[in-house]
Protein chains: 4
Amino acid sequence: MPTHPSDEERETRDSGKAGAVRTRRKAERPGEILEAAFEEFVQKGYAATRLEDVAARAGVTKGTIYVYFENKEQVFVAMVRELSRPVHVQAEEFAESSASSTAEFLRAYLCFLYRILATDPRGREIFRLLIAEANRFPELIDEHHQNFMGPVVRRLRQSLEDGAERGEIRRSSILEFPELLLSPALSLNISMLLFSDRRPIDMERHFEIAVDLLLNGLLQRPAGKADQPGQSS
Amino acid sequence: MPTHPSDEERETRDSGKAGAVRTRRKAERPGEILEAAFEEFVQKGYAATRLEDVAARAGVTKGTIYVYFENKEQVFVAMVRELSRPVHVQAEEFAESSASSTAEFLRAYLCFLYRILATDPRGREIFRLLIAEANRFPELIDEHHQNFMGPVVRRLRQSLEDGAERGEIRRSSILEFPELLLSPALSLNISMLLFSDRRPIDMERHFEIAVDLLLNGLLQRPAGKADQPGQSS
Amino acid sequence: MPTHPSDEERETRDSGKAGAVRTRRKAERPGEILEAAFEEFVQKGYAATRLEDVAARAGVTKGTIYVYFENKEQVFVAMVRELSRPVHVQAEEFAESSASSTAEFLRAYLCFLYRILATDPRGREIFRLLIAEANRFPELIDEHHQNFMGPVVRRLRQSLEDGAERGEIRRSSILEFPELLLSPALSLNISMLLFSDRRPIDMERHFEIAVDLLLNGLLQRPAGKADQPGQSS
Amino acid sequence: MPTHPSDEERETRDSGKAGAVRTRRKAERPGEILEAAFEEFVQKGYAATRLEDVAARAGVTKGTIYVYFENKEQVFVAMVRELSRPVHVQAEEFAESSASSTAEFLRAYLCFLYRILATDPRGREIFRLLIAEANRFPELIDEHHQNFMGPVVRRLRQSLEDGAERGEIRRSSILEFPELLLSPALSLNISMLLFSDRRPIDMERHFEIAVDLLLNGLLQRPAGKADQPGQSS
DNA sequence: CATGAATGAGTCTTCATTCAT
DNA sequence: AATGAATGAAGACTCATTCAT
């Protein structure tokens with residue numbers, strides 16, 4: 001995430017009045033602007049971000065942003081939508097690929113959600129922005145709920161019910177809050193957002209241990225049988 | 001949370017030379033300002049908050065803020081510190097009060113943390129501000145880690161180790177990430193920050209179910225024995 | 001006055017290489033642009049008018065305006081000239097057609113000037129623009145004086161002198177300010193510009209009464225003889 | 001009407017941080033700003049006027065304007081109201097002072113209106129602004145009609161009716177458009193706005209001749225009796 | 001000729017901060 | 001200590017103008 005324009009961009013700008021540059025990327029401009037906007041908004045927050053900095057990072061000038069977007073708010077909204085879409089798509093695609101046993105599916109699903117929420121810097125920072133600006137952009141929260149969190153939770157619940165039916169999973173009341181299965185990933189997300197550079201975390205291992213915790217719990221059992229992440233990896 | 005100066009305050013200002021009232025309140029001014037700052041910062045975020053609004057909410061004028069605080073940044077920092085302190089104090093106090101069995105202590109501790117992180121709107125919103133402004137105020141993050149998160153995690157680890165030694169808790173590798181025990185509370189916190197008014201949540205029950213999950217895990221066991229929140233309450 | 005390109009124009013643009021239509025319209029473009037400019041300038045004033053709106057109203061794009069005109073100022077100047085020309089031409093033509101008695105000619109001439117200045121929305125609004133932008137476009141004022149106001153006043157003076165010579169008109173000192181004969185029309189013009197929609201005015205009648213006033217004055221006379229508009233119509 | 005700050009103002013600004021200056025004129029600031037705004041708006045029109053120039057002319061900085069006024073529109077509106085008020089007041093006062101004969105009163109009243117509309121540069125330019133910005137500020141037009149034009153026309157009509165009753169004035173149909181008596185003043189106003197520096201006009205004489213025209217009309221009469229301004233002066 | 005993407009100077013407006021009272 | 005008038009740097013947004021296609 002470079003603060004200054006990359007060499008490539010600088011080069012294009014230096015080339016001055018060369019119109020070829022303008023038209024060459026016409027179609028790519030909006031995406032480039034949103035990309036730049038993401039970096040800036042993440043770094044400074046919505047209100048403290050200067051659209052001129054966004055423009056500079058995208059290798060254009062202030063005015064160009066207004067060619068493609070109504071105003072600062074719309075840049076922000078469009079950026080969140082643009083960067084969220086691939087995630088939503090992936091989530092849907094994942095839903096297609098069925099899985100055999102419940103435990104197996106849950107593991108895969110949680111792994112996927114870890115990647116989205118905590119491992120991927122993009123997803124992580126989008127989350128930060130949603131939390132920070134929830135009051136200013138309620139419609140983004142609504143969309144996020146509708147397109148991501150809602151379906152995910154529904155899927156988790158479904159999966160838990162299936163598991164319970166098959167006898168793989170105990171019929172606990174977790175069905176009331178399936179999002180609890182997300183909490184390790186969310187928690188890691190927050191940790192990364194707050195302490196990332198302070199506390200380097202082995203995310204692989206965090207995941208393994210979280211799965212172990214979720215599946216087996218803390219309490220001593222008569223005979224341990226399920227995943228023992230410490231030994232396996 | 002009055003937008004306009006209360007009668008009492010207005011009186012103070014109007015009466016001019018009225019010394020007694022003035023001095024009585026003098027000592028409370030900074031606190032009142034920080035209280036007002038909290039509300040405003042939570043609502044608008046750091047950058048979008050106008051110090052004049054803070055002043056108005058506190059029943060004083062712009063200038064008065066500069067009598068007590070260096071500048072806007074210092075108001076924010078002081079506010080976060082001021083509102084975090086009681087939490088830190090409570091956390092220390094809680095540490096004193098020992099508990100018998102590990103499971104019992106964990107339950108109580110988690111309950112306490114739920115209250116701090118998710119149930120109490122104050123703690124919740126302070127968290128939002130920390131996440132939102134982590135890049136701008138790294139020293140606040142450091143402090144938060146040093147005064148709260150660090151000790152809490154240490155205490156959780158200690159408790160887990162004790163439990164393992166006593167045989168109450170299986171010696172899993174959760175010792176590497178004791179903060180996983182916090183994740184349900186954190187997760188609820190985030191949910192509240194994002195969806196509070198959209199998804200009314202029974203936080204009592206959320207806690208019970210989370211504890212059940214943490215203690216027993218998901219998998220079917222030979223013989224269930226621990227808490228079964230759904231049935232018990 | 002279409003806001004969107006007419007079907008015909010759209011066709012032209014869409015058809016791309018269609019030469020015939022294009023060339024046919026090519027010659028009309030400048031006029032259409034000035035027509036559109038008139039509407040916009042009248043509505044918003046010079047400074048507040050966006051050339052892009054003018055273009056849109058003319059069914060072309062921004063760039064096209066610069067094919068035909070140097071810049072915004074020149075569009076304005078050209079527009080005023082274009083829309084003033086027919087008036088100037090009419091005024092000259094009217095000058096040709098001589099008239100018998102003075103009173104008769106004056107009546108006809110004033111009627112003509114009423115039509116130009118007050119009845120015709122075009123003339124009315126051009127006047128507004130001249131008044132509003134007199135400081136910015138002194139050359140337009142000069143032209144207006146040279147091409148219209150000057151000749152008109154000269155003609156009025158001539159006519160008054162003729163009338164005095166023939167004994168039809170009393171040899172008053174109005175010869176020093178023949179433009180006083182214009183004042184009812186100008187006054188109506190201003191009224192229309194300011195209060196048009198508020199005060200619907202019967203312009204026919206206004207004219208009749210003004211002529212009566214100009215010819216006979218207010219004072220009681222020994223024996224009324226000239227036009228008595230109230231009775232005649 | 002100085003383009004640059006007067007020596008006095010310059011001096012005050014040069015004195016730098018001296019706070020005495022700030023407070024000394026606290027109460028006068030709004031008026032000074034509106035005064036400066038008048039000059040600028042007249043010179044450039046509403047849209048082309050920079051609030052910063054207004055501020056400079058008033059001897060303050062941009063920001064100060066926003067201490068007293070909401071925005072540019074409100075500055076304009078307040079300015080027109082402020083500068084119109086004395087005129088409205090004078091008009092009311094004049095209404096009190098009765099006059100003997102109708103002809104006498106009319107003469108005095110028209111003289112007064114000449115002063116307001118044409119002679120006084122203030123009134124003249126306010127009129128220009130009203131005409132120019134009528135579309136943007138319809139409420140100002142309404143106010144002007146309600147506070148000035150309406151009462152004036154009512155008074156004129158009343159006066160004409162009185163005169164007719166007393167037999168001083170012929171019972172012509174001018175009662176339908178009493179504002180015709182205003183037209184010479186309005187006409188002169190427009191002439192001044194358009195051609196002021198081009199055509200120096202003897203306004204005193206213009207008035208005399210207009211009155212003669214209004215009272216006696218153009219037509220030859222059996223025996224002239226009323227004012228003969230040309231000969232008398 | 002016509003287009004419309006891109007520019008960037010220009011303006012309104014905001015607001016943290018100062019300071020005389 | 002408290003005020004609030006004044007400041008001026010800063011930033012969102014506009015739009016006349018250019019120019020490669």
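Quick caveat, the model's predicted, so the values are computed rather than measured. Labels below follow one simple rule: chain letters A, B, ... track the order of the sequence lines, proteins then strands, and each chain is numbered from 1.
- Heavy-atom distances to DNA chain E give each of B:Thr49 and A:Gly63 a nearest nucleotide, and the one nearer the 5′ end belongs to A:Gly63.
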Counting Watson-Crick and G-U wobble pairs with both distances under 3.5 Å, what is the dot-bracket string for DNA chain F, 5' to 3', using [ ] for crossing pairs and | for pairs to another strand?
.||||||||||||||||||||
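- Taking the ring-ring contact (aromatic ring centres under 6.0 Å, His included) definition, one finds that C:Tyr66 meets it with nothing, sequence neighbours left out.
- Residues forming a side chain to side chain donor-acceptor pair (under 3.5 Å) with C:Glu82 (at least two apart in sequence, or on another chain): C:Arg85.
- Here E:dT11 presents its P atom at 11 Å from CG of D:Leu51, a figure rounded to the nearest Å.
- Contacts of C:Arg136 classified as side chain to side chain donor-acceptor pair (under 3.5 Å), with partners at least two apart in sequence or in another chain: none.
- For A:Glu133, there are no side chain to side chain donor-acceptor pair (under 3.5 Å) partners two or more places apart in sequence or in a different chain.
- Toward the 5′ end of DNA chain F lies the nearest nucleotide of C:Arg50, the other residue of the pair C:Glu70 and C:Arg50 mapping further downstream.
- Taking atom NZ on C:Lys72 and atom C1' on E:dG10, their separation rounds to 13 Å, with Å as the unit.
- Aromatic ring orientation, C:Phe41 versus C:Tyr46: parallel (interplanar angle below 30°, classes split at 30° and 60°).
- Atom P of nucleotide F:dG4 and atom CD of B:Glu52 are separated by 10 Å, given to the nearest angstrom.
- Nucleotide E:dA16 holds its P atom 15 Å from the CZ atom of B:Phe69, rounded to whole Å.
- Taking side-chain N and O atoms only, B:Thr64 has no distance below 4.0 Å to OP1 or OP2 of F:dA2.
- In this structure, B:Lys44 places its NZ atom 10 Å from P of E:dA16, rounding to the nearest Å.
- In this structure, A:Glu28 places its CD atom 15 Å from P of E:dA5, rounding to the nearest Å.
- Considering only side-chain N and O atoms, B:Arg29 lies nowhere under 4.0 angstrom from the phosphate OP1 or OP2 of F:dA1.
- Nucleotides of DNA chain F nearest to A:Ala47 and C:Ala47 differ in position, and the one nearer the 5' end is that of A:Ala47.
- The CD1 atom of C:Ile65 sits 13 Å away from the P atom of E:dG4 (whole-angstrom rounding).
- Regarding B:Glu73, its CD atom lies at a distance of 17 Å from the P atom of E:dC15, rounded to whole Å.
- Contact check for D:Met79 versus D:Ile126: side-chain heavy atoms found under the 4.5 Å cut-off.
- When the side-chain nitrogen and oxygen atoms of B:Tyr66 are compared with OP1 and OP2 of F:dA2, none of them lie within a distance under 4.0 Å.
- With sequence neighbours excluded, the residues forming a side chain to side chain donor-acceptor pair (under 3.5 Å) with A:Glu35 are A:Arg122, listed by chain and number.
- Taking 3.5 Å as the limit, the base of E:dG10 and the side chain of A:Lys62 contain a donor-acceptor pair of atoms between them.
- With the nearest nucleotide of DNA chain E identified for both B:Asn71 and C:Val67, C:Val67 has the one nearer the 5' end.
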